[in-house]
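Here is the structure we will look at, set down as structure tokens.
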Amino acid sequence: MSYRRLIPNSPHHKIPVNVLGTLKGIKNQANPSFKTQTPSFLATNLIKSYFEKGLIKEARTLFDEMSERDVVAWTAMISGYASCKYYSNAWQVFFKMLRECGDRPNAFTLSSVLKVCKGMNSVSCGGLVHGLAVKYGLVGCLYVDNCLMDMYATCCSKMDDACAVFRDMEVKIPVSWTILITGYTHRGDGHGALRVFREMLMEKVETSPFSVSIAVRACTSIGSSTCGMQLHTTVLKCGFDSNIPVMNSILDMYCRCNLFSEARLCFYGMIQRDLVTWNIFIAGYEMSHPNESLYIFSQMGLEGFTPNSFTYSSIIAACANLAVLSCGQQVHGGILQRGLEGDLPLANALIDMYAKCGSIMDSCRIFSRMDRKDLVSWTSMMIGYGSHGYGKEAVTLFNEMVKAGIRPDRIVFVAVMGACSHAGMVDEGMSYFKSMTVDYKVPPSQEVYGCVVDLLGRSGKIEEAFELIESMPFKPDESVWGALLGACKAHGIPDLSKRVAQRVLESKPNVAGSYVMLANIFAAQGDWGDFARMRKLMRGTGKKKEAGRSWVEVRDQVYSFVVGDVIGPHILSAREVIELFGQHMQDETALNPDLDFLFHDSVCGASPCCKPNYADLMNI
DNA sequence: GCCGTAATCA
């Protein structure tokens, strides 16, 4: 047989161990049928071994050189390709098999092919295979049914079809239930997933660490800590609390539900933790308590864990939230040291961090050195430019992005329009607003409208902004009205302010901030009666506006303060900084005071400085 | 005899 040539002469490898084992085993048992073994049997064994070792071409050559191929050989080829994610090759083989193979596909074949359909995310191919399964009487076979369910649950989330298959199954095993629960969870239907899980418990089907942790994830996705806590007790009852991934999912649930004391109990109660445990804990604190996140990061190092890209992306975000440049630079040093600078999400996080820490040139440098950029990279850079007042640069970047063949989404438009707004580039901003619906067919959201109102408002086109809001295709929310109210306040337009005020109160009567802003507008007009009315209304809601907090970083320390703070050593530092700012502002504006700065935080034309040397940081 | 299913957390 010609394919036998491959075995002794192959330059790449020896005969796979298990084939040798099989041959040896047959010889040792003095199997009388050894000499009459079909070539297909040996070749199929070898095909499987080749795929397991990633020798895809060799498997194909061997298969092509086989003079006779039975259904098992064809199936081995299909499942081999599927295991390497070569789905289109697998599908081609299946199609060829239907034409050329004398045998019918069996249950093994169809379950492999269904996995291929799932991999291709093709419900039309899957439907075809379902038809064949019916034709050949293979529906009802456990593996085929499970694969059909999985294909429907994964491809386009056809959960109804997956449920129909599940309902008709005479025998359901725990795998069948897990497939269904996973399907619901992955399409974001946590309620559906939990319904099935509950049914599974009621039917006394055996649970596994897998099914439980998926159910926990379903709770997390719908933000139900009540269900999450019930599952925590289930985990303890089943003795799954020694399983790290299960406990990680519980920890993640507590963090995402903002139950930090429970999260701490869970974390410190874990006998064993892995890198994922630490990453979940760090990411959990990143948004609401970024300083705590940095502390946990330092503890993680002390316990001998090496951070990976997940760790760094949370830590970089924490530095960005705290706007602590020196810390961010040190973390960047760690990223370079571990050779993770090529990681796309990390590079994106660094762009954002440097921009938020005031070092836009570093954002630019990272952005320009990236080999690969995604939509997030471009958006982060545009947001950075916008917040620094570089409207023209943001516009240029947007055009470059489109030229690079990247399709803008709603968030990019918010970024570029926000940049235009901050830089006072009203016409450019408005042209993007038109272009997004006309040229790019991106429907505007509340956020987009808020952005346009802000754009018009900052340039004094208050009436136009008001008309735009009135013409919105959906009910404007408080962010849109808030943008207009801010503009009214800035430009001191009493009549319109009162009209807008009414709308704000109608749309969000329970937000203390709305009353405070309105009261201030009235105060600015000397309308003390309405001022008092607003303060009284606010007291009536029983809510208080959270004080706006500012912070400065001085000599490696972050100082936080509110208006009117008088006590504490940090106030002294804050005052020093404010005096410094005052001096800078005087120097900049002494000759040409620019009153536009009241409305735009534009710094166009100023050249950004900075540039820490990362080579030095490598040695930290 | 050789071929087949789900799979948790950042």
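We name chains A, B, ... by the order of the sequence lines, and we start the count at 1 in each one.
As a whole-Å value, the separation of A/Leu148 CG from B/dG4 P is 17 Å. A straight line from CG of A/Asn146 to P of B/dA7 spans 11 Å, rounded to a whole angstrom. Regarding A/Phe63, its CZ atom lies at a distance of 18 Å from the P atom of B/dC2, rounded to whole Å. Here B/dC3 presents its C1' atom at 14 Å from CG of A/Leu138, a figure rounded to the nearest Å. One atom, CG of A/Leu62, and another, C1' of B/dC2, lie 12 Å apart when rounded to the nearest Å. The distance between atom CD1 of A/Ile173 and atom C1' of B/dA6, rounded to the nearest whole Å, is 9 Å. The distance between atom CG of A/Leu114 and atom P of B/dT5, rounded to the nearest whole Å, is 11 Å. Between the C1' atom of B/dA10 and the CD1 atom of A/Ile244 lies a distance of 14 Å, rounded to the nearest Å.
Taking a 4.0 Å limit (strictly below) on heavy-atom distances, residues 81-97 of chain A does not reach DNA chain B anywhere.
Looking at the side chain of A/Phe108, the nearest of the listed nucleotides B/dA10, B/dG4, B/dA6 is B/dG4. Residue A/Ala76 has its side chain nearest to B/dC3 when only B/dG4, B/dC3, B/dC2 are considered. Residue A/Asn243 places its side chain closer to B/dT8 than to any other of B/dA10, B/dT8, B/dC3. Picking from B/dT8, B/dA6, B/dC2 the nucleotide with the shortest atom distance to the side chain of A/Ile214 gives B/dT8. Of the candidates B/dC3, B/dG4, B/dA10, the closest approach to any side-chain atom of A/Ser112 belongs to B/dG4. Nearest nucleotide to the A/Thr75 side chain, out of B/dG4, B/dC3, B/dA10: B/dC3. Closest to the side chain of A/Thr182, out of B/dT5, B/dA7, B/dG4, is B/dA7. In this structure, the nucleotide among B/dT8, B/dA6, B/dC3 sitting nearest to the side chain of A/Val246 is B/dT8. Among the nucleotides B/dT8, B/dA6, B/dC2, the one closest to any side-chain atom of A/Thr178 is B/dA6. In this structure, the nucleotide among B/dA6, B/dC3, B/dA10 sitting nearest to the side chain of A/Lys115 is B/dA6.
By the 30° and 60° cut-offs, the orientation of the rings of A/Tyr81 relative to A/Tyr86 is parallel.
Using modelled atom types, one finds a donor on one side chain and an acceptor on the other under 3.5 Å when comparing A/His232 with A/Tyr254. For A/His191 and A/Tyr184, the side-chain atoms include no donor-acceptor pair closer than 3.5 Å. No donor-acceptor contact under 3.5 angstrom links the side chains of A/Asp352 and A/Ser380, judged on distance only.
If you check every strand for non-hydrogen atoms under 4.0 Å, A/Ala107 touches a base. Heavy atoms of A/Arg273 sit nowhere under 4.0 angstrom from any nucleic acid atom. Nucleic acid contact class of A/Asn308 (heavy atoms, under 4.0 Å, all strands): base. No contact: A/Asp145 has no heavy atom under 4.0 Å from any strand.
Among residue pairs with one or both ends in residues 258-281 of chain A, those qualifying as side chain to side chain donor-acceptor pair (under 3.5 Å) are A/Asn248-A/Asp274, A/Asn248-A/Thr277, A/Arg264-A/Tyr285, A/Arg264-A/Glu292, A/Asp274-A/Thr277, A/Asn279-A/Asn308, A/Asn279-A/Thr311; sequence neighbours excluded. Residue pairs meeting the side chain to side chain donor-acceptor pair (under 3.5 Å) criterion with at least one partner in residues 117-134 of chain A, sequence neighbours excluded, are A/Lys118-A/Asp150, A/Ser122-A/Ser124, A/His130-A/Tyr152.
Within the structure, every side-chain polar atom (N or O) of A/Lys48 is placed at least 4.0 Å from both OP1 and OP2 of B/dC2. Residue A/Lys118 places at least one side-chain N or O closer than 4.0 Å to OP1 or OP2 of B/dA6.
For A/Tyr143, the side-chain contact (heavy atoms from CB on, under 4.5 Å) partners at least two apart in sequence or on another chain are A/Ser111, A/Cys141. Partners of A/Lys158 under the side chain to side chain donor-acceptor pair (under 3.5 Å) rule, at least two apart in sequence or in another chain, do not exist in this structure. Take A/Ser208 and apply the side-chain contact (heavy atoms from CB on, under 4.5 Å) test, not counting sequence neighbours, and it matches A/Phe210, A/Ser211.
Centre separation under 5.5 Å together with a plane angle under 30° holds for the ring of A/Tyr143 and the six-membered base ring of B/dG4, marking them as stacked. Stacking annotation: A/Phe210 is not stacked on the base of B/dT8 (requires ring centroids less than 5.5 angstrom apart and an interplanar angle below 30 degrees).
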